[in-house]
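Take a look at the structure below.
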Amino acid sequence: MSKKYGKLAQDIVEKLGGKENITDAYHCQTRLRFKIVDEQKVDKEGLGELEGVATYLVNAGVHQVVIGTHVKEVFEEIEKKVNVTAKNEPSSEKKSIFNLIIEFVAGTFQPIIPALSGAGMVKAVLALLVVFNVVSVESQTYYLLNLFADGVFFFLPMMLAFTVAQKLRCNPILAASVAAMMMHPNWGALVAAGDPVNFFDIIPFTLTTYTGSVIPILLIILVQSYVEKLLNRVIPKSVELVFVPMLTFLIMGTLAFSVLGPIGSIIGGYLAAFFTFLSVNASWVPAVLIGGFLPIMVMFGLHNGVAPLGVMQMAELGYDSIFGPGCVCSNIAQATASAVVAFRTKDKKLKQLAISGSITAYMGITEPTLYGVNLPKKYPLIAAMIGGGAGGLYAGLTNTHRFATGSSGLPAILLYIGDNSMTFFWNIVIALIISAVVSAVLTYILSFKFEKEVEIPSFKEVILEDTTITNPIKGNVIPLSEVQDGAFASGALGMGFAIEPIEGKVIAPFNGKVEAVFPTKHAIGLVSDTGIELLIHIGLNTVALKGQYFDTLVESGQTVKKGQAILNFDLEKIKEAGYETQVPVVITNSLQYSSIELTNKGQLVNNEEVLTVRV
């Protein structure tokens, strides 16, 4: 059910400047993608800090909110709140030619990836059945299963025509229809016959087969977008329904067979020659570059411009050695690095995130672990890049390639079964083992330097007792409901109170121990001798200060006495930095108590009784 993500969806829309500021919304496997009217209205910092959002970034003019594998459920709620059909004015942001190309290529190929993946897995299953002699290549079953998989690749120009037309804002049905002309069996018969074809005995049509091609249809629909716009402008509205399609077919059919298709085929031929040259003379280069630098490409959106090269190579040569091998090596390296972090870290939240992120990365989806674990921790990202490059080097030197497009996780190894051989399968398995081993070893070694070991203090068993909590900071004591943060004000994190401080000194409100000192020093966790678990959080969103203006006076596991100074902070500097200085004081194990009552409020000094807790 998506309803549980309603609040998150609403917060995302608000942080993006409201529904009026959003012109388009869609999603991929792990992230929401938005096009925005006015970038100045976007609360970039707030988006990144939302609970449930791994990170926020902008690539090629598209605002991306990384959610994770449950992104579809979140998007269902987004759709209820955003009218993407509204004709808002486009953003005035100027995009570079490079970004425009990346955005165009990504938008063109992204919608057809599921179809290519499904067909690729059918091909992999078919290859397994042949290798293990379950079906014969002469059987009807082989013929039909091959048909199931090849349909997508055979009619690839029609699907590309549709998606290109959507990007160029021309009629996608007319675009697919023009592609259908080029796929028509009668044209195939003319090509097979080999006799010259002249339109009206004047215009020569070059005999070229367009099934499974990429470049010709891109050129054709690019030109068609301008032809359509011109026709829509000059033809009266009363007859455009008939004459615009008719003239589009006549003009584009002629141009496609006589000029644009042949030019595209020539370019495709040069592209195939380039791929062949790489495969023969420098097969290791693409796999090493993709295997080592794919995480950086993902962060900047460059992978969207590189991945289609693999599709083009497959359309020209029947296999992909440009993108697939390096990509799967990189993903397995990242998954392994994240798994080692989960093994080494003492941070329970990070451990949980690293385990779940590692599992999804092994399946080919790396964004959760990239943005949630490897990038923030840095050292696992470095180890994964080296490991991915090492595996890619082996895959490249052995000229390993895949025979179908699909996922880039462990299931993808089936895509390397082809040519009635298991050679490429075993080569990719060895490459993945190299990636995993190198990444694991380097991550483990680096963790001794970068992963701080935190001893978890062992507390003696306590019997909960009625307790009075005193004011830890001099200032104005207010109910927790008045805190300017929904999570604290709602009581979701526990019951308690808040302080509007007038000085930057925090004292222990009871006898007990320090449970946790946050690395950013903006919060401290205490446990009283009577069992109360207390969180003192200095300011709101002050985690972003990364410890600046804070000075902790105690360590985790240290015993403290009531009234002992435990933390100092620079109140004025925090205000100058633009942060709210309210201090929530929350009992995180509130459910264990029958009553938590605020007994005193207003202007109070340190050590005055504030809260009564009863078992």
Side-chain angles (χ1 to χ4, degrees), residues 455-480 482-483 488 493-540 542 545 547 549-575 581-590 592-593 595-615:
E455 290 295 328
I456 301 177
S458 57
F459 296 103
K460 64 181 181 180
E461 185 177 353
V462 296
I463 300 175
L464 300 181
E465 300 176 7
D466 293 351
T467 307
T468 299
I469 295 176
T470 59
N471 185 30
I473 304 173
K474 185 178 181 180
N476 185 42
V477 174
I478 60 174
L480 194 61
E482 296 180 15
V483 174
F488 285 111
L493 301 177
M495 306 303 294
F497 59 97
I499 308 162
E500 295 174 338
I502 59 175
E503 70 173 19
K505 178 183 178 182
V506 184
I507 65 170
F510 46 57
N511 295 332
K513 284 188 177 182
V514 179
E515 183 182 45
V517 177
F518 286 67
T520 48
K521 305 178 184 179
H522 72 291
I524 191 166
L526 305 173
V527 177
S528 74
D529 290 342
T530 57
I532 290 177
E533 298 174 7
L534 194 74
L535 172 67
I536 303 175
H537 193 287
I538 312 300
L540 305 179
T542 47
L545 290 172
Y549 312 134
F550 296 94
D551 182 26
T552 52
L553 307 176
V554 292
E555 297 178 351
S556 180
Q558 180 177 332
T559 300
V560 293
K561 296 292 184 182
K562 180 179 177 181
Q564 178 182 339
I566 57 176
L567 188 150
N568 291 329
F569 59 95
D570 193 324
L571 183 60
E572 296 306 317
K573 291 287 187 182
I574 295 174
K575 288 181 179 178
T581 57
Q582 287 181 329
V583 180
V585 181
V586 176
I587 298 176
T588 56
N589 62 335
S590 295
Q592 293 182 277
Y593 295 93
S595 172
I596 299 175
E597 181 184 357
L598 183 64
T599 55
N600 203 356
K601 61 182 179 178
Q603 200 73 18
L604 300 178
V605 299
N606 294 349
N607 257 340
E608 287 194 63
E609 292 185 1
V610 176
L611 205 67
T612 300
V613 181
R614 294 186 175 87
V615 178

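All values reported here derive from a predicted model rather than from experimental measurement. Residue indices begin at 1 and follow the sequence shown.
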Heavy-atom pair with the smallest gap, counting every atom of [X] and [Y]:
X: Leu611; Y: Ile596; result: CD2-CG2, 3.8 Å
X: Leu571; Y: Glu503; result: CD2-N, 3.9 Å
X: Ser556; Y: Val517; result: N-CG2, 3.9 Å
X: Pro501; Y: Phe569; result: CB-CZ, 4.2 Å

Go through the structure and list residues passing salt bridge (charged side-chain N to carboxylate O under 4.0 Å, His left out) with Glu572, not counting sequence neighbours.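 Scan of Glu572 (salt bridge (charged side-chain N to carboxylate O under 4.0 Å, His left out), adjacent residues dropped) gives none.
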
N/O donor to acceptor pairs below 3.5 angstrom from side-chain atoms of residues 557-565, sequence neighbours left out:
| unit_1 | atom_1 | unit_2 | atom_2 | d |
| --- | --- | --- | --- | --- |
| Gln558 | OE1 | Glu555 | N | 3.1 |
| Gln564 | OE1 | Lys561 | N | 3.0 |

Residue list, side-chain contact (heavy atoms from CB on, under 4.5 Å) with Lys521, at least two apart or on another chain: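 For Lys521 the side-chain contact (heavy atoms from CB on, under 4.5 Å) partners, ignoring immediate neighbours, are Phe550, Thr552.
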
Set of ring-ring contact (aromatic ring centres under 6.0 Å, His included) partners for Tyr549, sequence neighbours left out: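 By the ring-ring contact (aromatic ring centres under 6.0 Å, His included) rule, Tyr549 matches no residue at all.
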
To the nearest 0.5 angstrom, please state how far the [atom1] atom of [X] sits from the [atom2] atom of [Y].
X: Leu480; Y: Ile499; atom1: CG; atom2: CD1; answer: 11.0 Å
X: Thr530; Y: Ile532; atom1: OG1; atom2: CD1; answer: 4.5 Å
X: Ile574; Y: Leu540; atom1: CD1; atom2: CG; answer: 11.0 Å
X: Lys601; Y: Glu608; atom1: NZ; atom2: CD; answer: 15.0 Å
X: Gln582; Y: Glu482; atom1: CD; atom2: CD; answer: 8.5 Å

Name the one of [options] that satisfies side-chain contact (heavy atoms from CB on, under 4.5 Å) with [X]?
X: Leu598; options: Ile469, Ile478, Val610; answer: Val610
X: Glu533; options: Val586, Ile587, Val527; answer: Val527
X: Ile473; options: Ile502, Val583, Leu567; answer: Val583

With heavy-atom distances below 4.5 Å as the criterion, would you say the side chains of Phe510 and Leu534 are in contact?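 In short, these two side chains touch, coming nearer than 4.5 Å.
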
Is the shortest heavy-atom distance from the side chain of Leu535 to the side chain of Phe518 under 4.5 Å?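 With C-beta onward as the side chain, the pair touches.
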
Would you check if the side chain of [X] reaches a backbone N or O of [Y] as a donor-acceptor pair within less than 3.5 Å?
X: Ser590; Y: Met495; answer: yes
X: Thr470; Y: Pro509; answer: yes
X: Asn600; Y: Val477; answer: no

Under the side chain to side chain donor-acceptor pair (under 3.5 Å) test, which residues partner His522, sequence neighbours left out?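 Expected list: Thr520, His537.
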
How would you list, by chain and number, every residue that makes a side chain to side chain donor-acceptor pair (under 3.5 Å) with Thr468, sequence neighbours excluded?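 Partners of Thr468 under the side chain to side chain donor-acceptor pair (under 3.5 Å) test: none.
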
